[in-house]
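To start, the structure under review is shown below, and the notes come after it.
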Amino acid sequence: MVSAVVWRGVAASPAGSEQRVLPDGCMDLIWVKGALLVAGPDTSSHLAFWPPGAGFTGLRFFPGTAPAILGVAAHELRDQLVPLADIWPAPRVRRLTEYVGEAPDPEAALEEIAARRHPRTELSDPRIPEIVRHVRAGVSVAATAEAVGMGERHLHRCCLAASATDRRRWGGSCG
């Protein structure tokens, strides 16, 4: 089971629409206007503009999940929205783009893409879900580190590792 939530929307205005995006430490796989995009974790709130009439569907991965599934470190995409083709091989992304575009249910198609990769991935440290729970509850870094049995510097390295990709699992590629 992939740790993610599906979301969707439509730019309601003929001029397009803006939506405030709040930082939450999550990454998204987004389908909009015939393209697959990846939104990295945001460090501050910002306005996202959606083109006129654009329908969009997203798969928001829980913290620490997307890097393993997408094959890219979270910190490499911090505060960015990039085409999936910048991360995965272009031929594969073209096939997936066609698949989602032809699917009667783009939400289910995005979930299927993530689920296909999920069995081949695992969190870099099994303590990541506990760390995320502490951070979401507003627990300090020092208290979180103590609760999971590590020092603050080790916690920092652990979180960076959770956002990094062990590309050797895929033979050096994301495909």
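Note: hydrogens, waters and symmetry copies are ignored here, and every other heavy atom, side chains too, is used.
The structure places CD1 of Ile131 at 8.0 Å from OG1 of Thr144, a figure rounded to the nearest 0.5 Å. Atoms CZ and CD, on Phe56 and Gln19 in that order, are 5.5 Å from each other to the nearest 0.5 Å. If you take OG1 on Thr57 and CD on Glu111, they are separated by 10.5 Å, rounding to the nearest 0.5 Å. One distance of note links CG of Leu59 with CD1 of Ile113; it measures 9.0 Å at 0.5 Å rounding. How far CZ of Arg116 is from CD1 of Ile69: 13.0 Å, rounded to the nearest 0.5 Å. Summarising the geometry, atom CH2 belonging to Trp88 is positioned 6.0 Å from atom CG belonging to Leu70; distances are rounded to the nearest 0.5 Å.
Among pairs with a residue in residues 48-57, none fulfils salt bridge (charged side-chain N to carboxylate O under 4.0 Å, His left out), at least two apart in sequence or across chains.
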Would you mind writing out the side-chain donor-acceptor pairs for residues 20-32 within the sub-3.5 Å range, not counting sequence neighbours?
residue	atom	partner	partner atom	Å
Asp24	OD1	Cys26	N	2.9
Asp24	OD2	Arg60	NH1	3.2
Asp28	OD1	Arg60	NE	3.3
Asp28	OD1	Arg60	NH2	3.3
Asp28	OD2	Trp7	NE1	2.9
Asp28	OD2	Arg60	NE	2.9
Asp28	OD2	Arg60	NH2	3.4

Tabulate below the donor-acceptor pairs under 3.5 Å that side-chain atoms of residues 40-49 make, not counting sequence neighbours, or state none.
residue	atom	partner	partner atom	Å
Thr43	OG1	Asp79	OD1	3.1
Thr43	OG1	Asp79	OD2	2.7

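Looking at residues two or more places apart in sequence or on another chain, you find a side chain to side chain contact (heavy atoms under 4.5 Å, CB included) between Ala142 and Ser140, Glu152. Scored by the salt bridge (charged side-chain N to carboxylate O under 4.0 Å, His left out) test, Glu146 finds no partners at all (sequence neighbours excluded). Residues passing the salt bridge (charged side-chain N to carboxylate O under 4.0 Å, His left out) test with Arg94, sequence neighbours excluded: none. Looking at residues two or more places apart in sequence or on another chain, you find a salt bridge (charged side-chain N to carboxylate O under 4.0 Å, His left out) between Glu107 and Arg8.
Scanning both residues, Glu130 and His134, for their nearest heavy atoms gives O-ND1, 2.8 Å. When all heavy atoms of Pro106 and Ala103 are compared, the closest pair comes out as CD-O, 4.1 Å.
Clustering of Ile, Leu, Val, Met, Phe, Trp and Tyr by side-chain heavy atoms under 4.5 Å joins Phe62 with Val5.
With hydrophobic clusters built from ILVMFWY side chains whose heavy atoms lie under 4.5 angstrom apart, Val139 does not share a cluster with Val141.
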Check step by step if side-chain contact (heavy atoms from CB on, under 4.5 Å) holds for Leu77 and Val72.
CA-CA 8 Å; Leu77 298 178; Val72 64; 3.5 Å; yes
Take Leu36 and Leu96 through the test side-chain contact (heavy atoms from CB on, under 4.5 Å) and record every step on the way to the result.
CA-CA 8 Å; Leu36 287 168; Leu96 293 173; 3.9 Å; yes
